[in-house]
Asks: 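First the structure, then my questions, so here it is.
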Amino acid sequence: EFFSPRWCEIIGYSFDDPELPHSYNSWTSRIHPDDYDRVISAMNNHLEKGTKYNVDYRHRHKSGEYRWQNSIGQAVFDESGKPIKMVGCISDITERKLAEESLRKNEEKYRTILENIGEGYYEVDITGNFTFLNDSMYRIFGYPKEELIGMNDRQYTDQQTAKRLFQAYNKVYRTGIPDKGYDYEIRRKDGAKRYVEASVSLQKDSSGKTIGFKGIIRDITEHKRAEEEMRSLETKLQRAQKMEAIGLMAGGVAHDLNNM
């Protein structure tokens, strides 16, 4: 077997270190127990089926800690087709794996928060189709997940409202300034109408390119109904006051006529 100085450095040894694990068996014994079967399976599949050997795994460093490696290899066969050695390269990808794990945990935390807020949270692509929704959005819109994902506002609003929403999204796209409050009417799957209040801001990828929009939606149907009832009561009160004033005026005129 031959291991390059760089490989020795990756696992924490100098090239002339007498403790350097020179043999294949010593190398495989240093694979993390949870990754061992996956690495050996990938190697056997490469040897027997010709599949690509490209695997990430944890390997024990001289310090005793396990560090992540990416291994890419190619078998060399003799004239009879018998494998005689593996040739490949190994890279230390520990920092990348740690960053990926940190990102995954942050995303899980972020998603957990979104799933537990009372307001609806949504993400749409650049054309306005839903790409991600939290559970509150499904309750507000009354659609199952498999139906609401991919839907466009033209499918749950009337034409005039859809046009107004397009204008709101277009303004945010052009200016980059979030719109923090506009309301509109939606149609649930069962046909019931609901009023919602929404916000929208740009959604960008890691390079800063705009890939869509995101925002919060709140069901304000009951609030709207309360406002309408209040307006109706105020109208009735004003009408009653006006009728009372007319009645008082009419009573005064009758009194004057009776005294003539």
Side-chain angles (χ1 to χ4, degrees), residues 56 96-233 235:
D56 295 346
R96 191 193 81 193
K97 283 290 186 178
L98 291 175
E100 289 175 351
E101 178 64 13
S102 176
L103 179 61
R104 184 187 65 79
K105 289 182 178 178
N106 286 336
E107 287 181 343
E108 286 181 356
K109 182 178 179 181
Y110 173 66
R111 297 301 184 191
T112 299
I113 292 172
L114 290 178
E115 293 301 342
N116 286 280
I117 62 175
E119 292 82 6
Y121 172 83
Y122 70 92
E123 294 176 3
V124 298
D125 60 24
I126 203 69
T127 60
N129 300 313
F130 284 130
T131 57
F132 174 80
L133 304 160
N134 70 349
D135 287 345
S136 292
M137 283 290 289
Y138 301 117
R139 289 193 293 270
I140 292 171
F141 280 72
Y143 281 87
K145 181 176 182 178
E146 60 272 14
E147 291 186 34
L148 199 52
I149 290 292
M151 284 182 63
N152 192 284
D153 52 52
R154 291 187 296 273
Q155 295 172 265
Y156 54 81
T157 62
D158 58 33
Q159 186 175 0
Q160 184 177 358
T161 301
K163 182 178 179 180
R164 186 160 63 89
L165 292 178
F166 171 80
Q167 293 171 342
Y169 277 62
N170 188 49
K171 182 179 179 181
V172 172
Y173 181 81
R174 287 185 292 102
T175 65
I177 301 173
D179 190 334
K180 296 185 178 180
Y182 59 95
D183 57 82
Y184 58 97
E185 187 180 79
I186 64 168
R187 293 188 305 272
R188 288 167 52 91
K189 183 176 182 178
D190 60 8
K193 294 181 179 180
R194 308 290 292 182
Y195 285 97
V196 298
E197 181 181 65
S199 66
V200 59
S201 59
L202 292 178
Q203 184 180 21
K204 299 183 178 182
D205 62 16
S206 58
S207 67
K209 179 183 177 182
T210 297
I211 57 174
F213 304 88
K214 59 184 178 180
I216 298 292
I217 285 182
R218 182 181 296 108
D219 189 332
I220 59 169
T221 305
E222 299 308 317
H223 178 70
K224 281 281 189 181
R225 288 173 179 169
E227 285 183 342
E228 291 175 0
E229 289 179 3
M230 182 64 72
R231 283 194 295 269
S232 177
L233 288 173
T235 300

Asks: Any donor and acceptor pair, going by atom type alone, linking the side chain of Asn134 with main-chain N or O of Met137 inside 3.5 Å?
Replies: yes
Asks: How many angstroms lie between CG in Asp153 and CG in Asp158, if you round to the nearest 0.5 Å?
Replies: 10.5 Å
Asks: State whether Glu101 and Lys97 are salt-bridged, where the test is any N-O pair (Lys NZ or Arg NE/NH1/NH2 against Asp/Glu carboxylate O) under 4.0 Å.
Replies: no
Asks: State the CD-CG distance between Glu100 and Asp56, to the nearest 0.5 angstrom.
Replies: 8.0 Å
Asks: Looking at side-chain heavy atoms only, is the closest gap between Val200 and Tyr182 below 4.5 Å?
Replies: yes
Asks: Should Lys171 and Asp179 count as side-chain neighbours, where that means a heavy-atom distance under 4.5 Å?
Replies: no
Asks: Less than 4.5 Å apart, any side-chain heavy atom of Ile186 and any of Ile140?
Replies: yes
Asks: Could you tell me how the ring of Tyr169 sits relative to the ring of Phe213: parallel (under 30°), tilted (30 to 60°) or perpendicular (over 60°)?
Replies: perpendicular
Asks: Provide the closest heavy-atom pair for Ala198 versus Ile217 in the form atom of the first, atom of the second, distance.
Replies: CB-CG1, 3.7 Å
Asks: Measuring from atom CG of Asp125 to atom CZ of Phe132, what distance do you get when rounded to the nearest 0.5 angstrom?
Replies: 15.0 Å
Asks: How close do Asn152 and Thr127 get, heavy atom to heavy atom, and via which atoms?
Replies: ND2-O, 3.0 Å
Asks: Please round to the nearest 0.5 Å and tell me the distance separating atom CZ of Phe130 and atom NZ of Lys145.
Replies: 13.5 Å
Asks: Just by distance, with hydrogens left out, do Ser136 and Arg139 show a side-chain donor and acceptor under 3.5 Å apart?
Replies: yes
Asks: Does atom CD of Gln167 have more than 12 heavy-atom neighbours from other groups under 6.0 Å away?
Replies: yes
Asks: Go through the steps for Met151 and Phe141 under the test side chain to side chain contact (heavy atoms under 4.5 Å, CB included), then give the verdict.
Replies: CA-CA 11 Å; Met151 284 182 63; Phe141 280 72; over 6 Å; no
Asks: Kindly give the heavy-atom pair with the smallest separation between Asp183 and Arg164, and that separation in Å.
Replies: O-NH2, 2.8 Å
Asks: Do Tyr195 and Glu197 pair up side chain to side chain, a donor and an acceptor below 3.5 Å, judged on atom types alone?
Replies: no
Asks: Answer yes or no: is there a donor N or O on one side and an acceptor on the other, between the side chain of Thr221 and the main chain of Arg194, under 3.5 Å?
Replies: no
Asks: Look at atom CD of Gln159 and say whether more than 12 heavy atoms of other residues, nucleotides or ligands are closer to it than 6.0 Å.
Replies: no
Asks: Once rounded to the nearest 0.5 Å, what's the spacing between atom NZ of Lys214 and atom CD of Gln203?
Replies: 6.0 Å
Asks: For Tyr156, does its backbone N or O pair with a side-chain atom of Arg188 as donor and acceptor, under 3.5 Å?
Replies: no
Asks: For residues Ile149 and Tyr143, determine if any side-chain heavy atom of one lies less than 4.5 Å from a side-chain heavy atom of the other.
Replies: no
Asks: I need the Thr175 OG1 to Leu202 CG distance, nearest 0.5 Å.
Replies: 7.5 Å
